[in-house]
Asks: 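Shown below is the structure under consideration.
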Amino acid sequence: MTFLSGPLRKLLPKVKKFFQTEWGISEMRIVVEKALEIDPDVRARPTLQAKSGDHQTMCVEISDNPYPPQIDQLVVDCKNRLLPVKSYVAIPQDDKGVPQPMLKLLNENGVGLILVGPSCKEIQPAMSLSLTGVRDPEPKSFPMRYRQCVTNAYKTFRFGDPAKGVLLIHEEIEDLTRRLCTKAEEKGWWRWIAKPPTAPFTPPAIPPASNPKVSFAKIAKFLQDQFYEGLAKMPGMQKVLDRVVAIVDYRNDGAHKPKTPAALKKRHAELRTRFESGVDLLRDLVKASRGL
Amino acid sequence: MASITRLKPKAAPPDASEAVLQKIAVDKIDQNEDNPRLVFRQEELEQLLESVNLYGIQVPISVYRDGARYVLIDGERRWRVSQKLNLKQIPALVQPKPSALNNLLMMFNIHALREQWELLTVAMKLPKVVELLTAELGYEPKEPELAERVGIPRAWIRRAKLLLEMPQQYRDMLLEELKKPKHQQKLSEDLFIEMERAIKTVQRTMPDIVPSRDRARRVLLDKYRKGTIDNLVDFRKLAKIARAHIVQADETKARVAVSRLLERNEYSIKDAYNASVAEAYLERDVLTRIEGLVDRLRQLRPEDVDDDVKQHLRSLIQIAQELLDEFQE
């Protein structure tokens, strides 16, 4: 007995085959209408579920409806519990196609879509539901020149590689920080100039920010220590620079592959936080640097 | 009264007042294998799921206890939805375990009162009800008795029996069709019932032309699918052709029309009817109406006849006179 009516039940073997051919999951590992193994309290039992090689739980809901009501519950629960679950809806292929508003809804919620005809065709990829809750960066809150970068980073995070999405934001922060350092050198916005020490001293060597071989960490730290916001007339920049230094440590650790489902869950939570805090930092940095 | 007394079951059904309301684990409930309901439309299940997700289960299901587990009596859709939503518990009225016959009758009666099931699903369980009732009563129950016990009208039982007479392949075809959302269904129970009745009549009166009901079914179903037969009521016309002798129509013409219907692809029931018995039935219809009118006119008293009626009567006399003159010429 399954929740599926007769005609839909016929799609089951084809979708199972899809698990095998596209995701390399053998039929023995596919579970039918059972509570999610990763969290048995989630209020949904997807038609099919299996664990993929990268510790994601892959779920497929078979339905006539491209956005069945049971999907909502699954999406909300997985989002709230930060569960690394990729959810798809599989619908029978017909001549009518999928209505645009439905596709938009699926897209917004990170749910993929599979059309089941003679074979299965993935027409929209799914994203891990633990990542879908990422806050919209609201590109309109940025000056024009930054909007494309923010939009690209958001799209990359949601529909491509989330780590790469975070990296794109961090790259923009780095670029602006380097420009700030170059400008500070040019204008002399340094602490030792604003408040020269009474004892004789040698001014520190300013790292050449335009040289990409000089590490971002070095530039950020130098700015944190020596930049003087009063001279630059950039109130609040000091606190923003403290936050810039804080992202340096984890800026490049996106490539580490999680080894367990718990590690994957943790990794997704980190990526979401890093993306959101990165966007906030970029916004504040842009604001404090007054259109540098 | 004697017959009603005779209808009372020997083993009384479990008293519903003995039922206890409990919250029981969804995973401890089993489907009732005797549930006559076989059709659960996905669309309707999803609507219910949405409602349960928002408001929870408002009406308890009914179950009986069987060892450590429970068996459903009523509420299979609510139970399925609860499983789908991964609910841990569901409110249920736990009733005493009924006998096999009472188990079936209870389900029939619950649903006859509340909502209409697909007739085919009722039909498929009827033989078992008859078998169990026969064992209990010591004789095979007649239609009125059966109707009373299962709680559905006699007409439904007759229609259900017609569906049961169809070969298995057609019942399966219909069952698959019923599982589709209603707006996608092309074949209906009414189609099969009307068709079956018509074929039965034709085979009875013209056995040489319809030696096999199966072939007739195939041809007529094909024509219905292609739109050559575009109305369910047309099947009644087919039965009328088969009963040509009743209206003294030319039986040879009727036989030719039925043969053509079963042989020619584009030949519809309407074509067959018009080519054979249409005039005879029209004539009978006119005669019946004239007789009715004459009877009614004879009952009229002078004070009932106002100017309007007089005017219509004059028109009637004029038309009748013109027709008679025409026929005399």
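Remember, predicted model here, so these are calculated numbers, not experimental data. Order of the sequence lines fixes the chain letters, A, B, ..., with proteins taken first and strands second; residue numbering starts at 1 for each chain.
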Asks: Taking 4.0 angstrom as the limit, do A:E61 and B:K84 come out as a salt bridge?
Replies: yes
Asks: Kindly indicate whether the side chain of A:D72, heavy atoms from C-beta on, has any atom under 4.5 Å from the side chain of B:E50.
Replies: no
Asks: More than 12 heavy atoms of other residues, nucleotides or ligands under 6.0 Å from NZ of A:K51: yes or no?
Replies: yes
Asks: Would you give the length of the straight line joining atom CD of B:E46 to atom CZ of A:F3, rounded to the nearest 0.5 angstrom?
Replies: 6.0 Å
Asks: Among B:R41, B:Q42, B:K88, who wins on heavy-atom pairs under 4.5 Å with chain A?
Replies: B:Q42
Asks: Against chain A, label B:L45 side chain, backbone, both or neither, depending on which of its atoms sit under 4.5 Å from a heavy atom there.
Replies: both
Asks: Which region of A:L74, side chain (C-beta onward) or backbone (N, CA, C, O), has a non-hydrogen atom less than 4.5 Å from a non-hydrogen atom of chain B, or is it both or neither?
Replies: neither
Asks: For A:E27, look at atom CD and say whether over 12 heavy atoms of other residues, nucleotides or ligands are found less than 6.0 Å away.
Replies: no
Asks: Are side-chain heavy atoms of B:Q83 and A:R45 found at a separation under 4.5 Å?
Replies: yes
Asks: For B:E165, look at atom CD and say whether over 12 heavy atoms of other residues, nucleotides or ligands are found less than 6.0 Å away.
Replies: yes
Asks: Could you check whether any side-chain N or O of B:N86 sits under 3.5 Å from a backbone N or O of A:P40, counting only pairs where one atom can act as donor and the other as acceptor?
Replies: yes
Asks: Is the count of non-hydrogen atoms from other residues, nucleotides or ligands lying under 6.0 Å from B:E33 atom CD greater than 12?
Replies: no
Asks: May I ask you to check whether over 12 heavy atoms, not counting those of B:E266, lie within 6.0 Å of atom CD?
Replies: no
